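Owing to the predicted nature of the structure, the values given are computational and were not obtained by experimental measurement.
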Amino acid sequence: MANPNPLRHAVAAWRSATATAVSHRFAVTLDKALTALMDRAEKAQNNNQQASYFHAQQELRHNRDAVQQRFDETLASRIKAEPSPDQGKPAQSAGELKLVNPDTFERLVVLETLGERAEQRYHTVLHELGHRLSVLYRGAVVTPNHIPAAPKQLLDSFDDATYKLDIEQHAWQVLAAVFDVTLLRTLQSDYDMLNDALRNAGVLPNLKPTAIRNPETATEGPPQARKPTAPPSTPVDPTRDIAHIRALMSHGHTSPSVSETGRMQAADIAELIENSQTHLLALLPDHGLFDGGLGIGDIDADQLQLSQRAMQAQRVVIKQQIGPDQLSRHDESTIDIIGALFDAMLNESDLCAPIKALLSHLHTPYLKLAMREPDLLTNTGHPARQLLDEMVRAGELWGDGNHLGQGVFPMLKELVAQLRGAQTLSRPHLEKLRAQLIRHTGELRRRRDQRGERATEAEIGRAKLAEAKTIADEHVQELIGEASLCAPCREFLRGPWHDYLTLLLVRNDGQPGGNGWSTSQALGAQIARLSGATKDTAPPPQTLDALHRHLTNSLGHLIPHYRADIDTLITALRAWRATTATTPQRPQDTAPPARRMPTPGGKGEQLTPPLIPDELALVDKLRELSAGSAFRFHTTNHQPARLLTVTWFNPNTDRLMFVDQRGAKADLLSVQRLARLIHQDMAYAVDESEARPPFVSRALHRLREYLENNRWLTPGAPR
């Protein structure tokens, strides 16, 4: 291998060049941050939020040079530091830092999340650099944090540079998001350059670039959307089930076995939580949930991860305040089970992100309730448990992520505000809140069904009209055929006469037949015959007079504004008769060929690639769907999933009509397309009935399964 000293000089030169490049990119970050703040101000939901974004923009513009200078100085000191063989672990963990100063918790979690995500993005190249730099520095352990220009080094510099800016937290998060996109995601070529230089110089040239994920962080990350898992098929005894969960959890608890006389009583723990409630709630990010500043797309997976970590921090604070010498394993497991329930709530795929973030604010009140009323976990009829079940269910069925202000979100926000602000929660009060929510969702269902009926009737009317137009078009085409008709006659048949036939069909429910239909067919045939008359077959004037009377009494009576067109037709036929009587030559018809109106959607949509047997089998079942069947549709553009309800199946077009949660027409899907979406897991049926087990039972079942399958892991929420 080459002498390490020249290589160290090469690494030092790379450090200097990279620091310069990163500094230039940070300047670009500041430019884009100013633009992003202006964009957020224009889209702000209220005046206060808009003013905060404008203020942040002015603050950043005024202090831009100082921010750039602090970033460059901090980065220079960090990027030049060399690891030593005796370097130790950090003196204080990030988790401890979060608890020291709750006011900066959200900021620290944002930085930690961005750092972990960047390290995972560059895991392979950082893995190689760590080993090669370790050789250069005589065996020093080079962690990702000690690699020059490591993501967390850059984030530390960013934090130092922006720390003194007098801006709101949500405005600072805009800066952090721009920093992530503009700088943190552009480091691959910088790392590759150093890695290639060391490899070409003979430093571990055969090192395998296998990315091995850290098992401690392998399960980390934002809650992932997933299809609902099936609950147990047979009922279980809640008391025995919770006892089994506590036993499984006890394997990973650090609390010693505390005697009954030495442990803090559950009621005292509840009082401790109540006294610390303001402090604990301050740890949870607000996300603009309670000030009206929340908009669609403002809460994503990263924001939910902030909420998840905040709830974890709340539980750590509570346990620290109790003390390990006074916290029994039974009470510790109660705290962890409540935490697992809310972690499971963040993993519910049928809840939109804003409602998940909103319900996370019930974590502290429910910790207090569980300590004050131990049967909350074992009694399926406990009002607090039933209320949480009802809130999750309401969010699943009526939490419209595309129209937050029109679904159940405002009601849920009101309930959460009452629950988190109350010092005590009596059972009658909890039952009253649940009753209010049930009445509200009942009203939402009534409005949806009422509006959905109107939308369905309108769609059925449009479908009948389209079908009638198609049948009328076919009959007009038969009348015109290959005959050489005069242009006015063709125009009349394609226009007024087509509309007349369509109206007759609509009045007869789309079915040709009856005396009116027979008369119309005879009149239509007469029009075509008279228009195609020759010198030898030219009709006498009295025939045209009779035709005029029949058309006026039928078409003119049904559609009065077409009487002028009838007069125009008869005049043209008289002129056509005179022409054919003196000249055997027929005028050339320059009218465009008849256009056949297609049936909307056709009978059975042809997909590419063709349906496979499983999808074909599903198509037959979908044709039998009853009105009221609900489906959740996931999108690929990061928009909230849509919950749509079937209101009508059109057998003529093989399409299903869907309405949204407000009852407005949302989509017309062929059964073939729906079968494809279901097979691709882009859509699945949702049970709106009461048959689906409630949320708490589902979550406890998943928690038990998780603990049984992962006894060697530290207990936590099921992933």
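- Listed for the Q50 side chain is a donor-acceptor partner under 3.5 Å among the backbone atoms of A41.
- Scanning both residues, V408 and A394, for their nearest heavy atoms gives CG1-O, 3.5 Å.
- Remark: the backbone N or O of A664 is not paired with any side-chain donor or acceptor of R454 at under 3.5 angstrom.
- The closest donor-acceptor contact from the side chain of D343 to the backbone of Q308 lies at 3.5 Å or more, if one exists at all.
- Within the 4.5 Å cutoff, side-chain heavy atoms of L700 are placed close to those of I337.
- Side chain of Q672 to backbone of V619: no donor-acceptor contact under 3.5 angstrom is found.
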| request: Quick one: do D241 and R704 satisfy salt bridge (charged side-chain N to carboxylate O under 4.0 Å, His left out)? Show the steps, please. | output: CA-CA 8 Å; D241 206 34; R704 176 173 176 169; 2.3 Å; yes
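- Taking OG of S360 as the reference point, atom CD1 of I355 lies at 12.0 Å (rounded to 0.5 Å).
- You'll find the side chain of I559 stays beyond 4.5 Å of the side chain of P496, heavy atoms only.
- With hydrogens and angles disregarded, a donor-acceptor distance shorter than 3.5 Å links the side chain of T441 to the backbone of I438.
- Counting only N and O atoms by type, the side chains of S670 and E605 include a donor and acceptor under 3.5 Å apart.
- In this model, a donor atom of one side chain and an acceptor atom of the other lie less than 3.5 Å apart for S697 and R385.
- Counting heavy atoms from C-beta outward, E42 and Y53 have side chains that stay 4.5 Å or more apart.
- Using a cut-off of 4.0 Å between Lys/Arg side-chain N and Asp/Glu carboxylate O, E705 and R702 are scored as not salt-bridged.
- Panel note: side chain E615, backbone I612; a donor-acceptor pair is recorded below 3.5 Å.
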| query | Where do R446 and E443 land on the salt bridge (charged side-chain N to carboxylate O under 4.0 Å, His left out) test, with the steps shown first? | reply | CA-CA 5 Å; R446 186 192 65 79; E443 179 63 18; 2.5 Å; yes
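- The shortest distance between side-chain heavy atoms of E459 and L668 falls below 4.5 Å.
- Salt-bridge formation is detected for the pair R309/E116: a Lys NZ or Arg NE/NH1/NH2 atom is positioned less than 4.0 Å from an Asp or Glu carboxylate oxygen.
- Within a 6.0 Å sphere centred on CZ of R507, heavy atoms belonging to other residues, nucleotides or ligands number 12 at most.
- With rounding to the nearest 0.5 angstrom, the OG1 atom of T456 is 10.0 Å from the NZ atom of K665.
- Residue pairs meeting the ring-ring contact (aromatic ring centres under 6.0 Å, His included) criterion with at least one partner in residues 443-475, sequence neighbours excluded, are H475-W517.
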| request: Go through the steps for D350 and V392 under the test side-chain contact (heavy atoms from CB on, under 4.5 Å), then give the verdict. | output: CA-CA 9 Å; D350 289 347; V392 171; over 6 Å; no
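- Checked for salt-bridge contact, E348 and R632 miss the test: no charged N lies under 4.0 Å from a carboxylate O.
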| field | Derivation and outcome, side-chain contact (heavy atoms from CB on, under 4.5 Å), residues N650 and M657 | value | CA-CA 8 Å; N650 187 345; M657 177 182 169; over 6 Å; no
| request: Applying side-chain contact (heavy atoms from CB on, under 4.5 Å), run through L284 and M311 and close with a yes or a no. | output: CA-CA 7 Å; L284 275 168; M311 290 189 294; 4.1 Å; yes
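- Taking 4.5 Å as the limit, every side-chain heavy atom of D620 sits out of range of all side-chain heavy atoms of L616.
- The minimum heavy-atom distance between V416 and M391, with the atom names listed, is CG2-CE, 3.7 Å.
- Rounding to the nearest 0.5 Å places NZ of K356 at 6.5 Å from CG of L351.
- Considering every non-hydrogen atom in both S349 and Y684, the closest pair reads OG-OH, 3.3 Å.
- Inter-residue side-chain proximity for R117 and L184 is flagged as unmet; no heavy-atom pair is nearer than 4.5 Å.
- Rounding to the nearest 0.5 Å places NZ of K464 at 10.5 Å from CG of N508.
- The minimum heavy-atom distance between V659 and A455, with the atom names listed, is CG1-CB, 4.5 Å.
- Taking both residues in full, the closest heavy atoms of S520 and L501 are given as OG-CD2, 3.6 Å, listed atom of the first, atom of the second, then distance.
- A donor-acceptor pair under 3.5 Å is formed between the side chain of H498 and the backbone N or O of K469.
- Not counting sequence neighbours, the partners of F633 by the ring-ring contact (aromatic ring centres under 6.0 Å, His included) test are F658.
- The closest donor-acceptor contact from the side chain of R698 to the backbone of P693 lies under 3.5 Å.
- Rounding to the nearest 0.5 angstrom, the gap separating the CD atom in Q173 from the CZ atom in R40 is 9.0 Å.
- The heavy-atom pair separating L465 from T502 by the smallest distance is CD1-CG2, 3.7 Å.
- Without hydrogens or angle criteria, Y366 side chain to A384 main chain gives a donor-acceptor distance under 3.5 Å.
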Please list every donor-acceptor pair under 3.5 Å in which a side-chain atom of residues 430-437 meets a protein atom from a residue at least two apart or in another chain.
none

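- Looking at heavy atoms from C-beta onward, D180 lies in side-chain contact with R185 at the 4.5 angstrom threshold.
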| Stepwise side-chain contact (heavy atoms from CB on, under 4.5 Å) test for E624 and F649 | CA-CA 9 Å; E624 303 299 324; F649 171 64; over 6 Å; no
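- Going from atom CG of D667 over to atom CG of L674 covers 10.0 Å, rounded to the nearest 0.5 Å.
- With contacts defined as side-chain heavy-atom distances shorter than 4.5 Å, the pair D499/L555 does not qualify.
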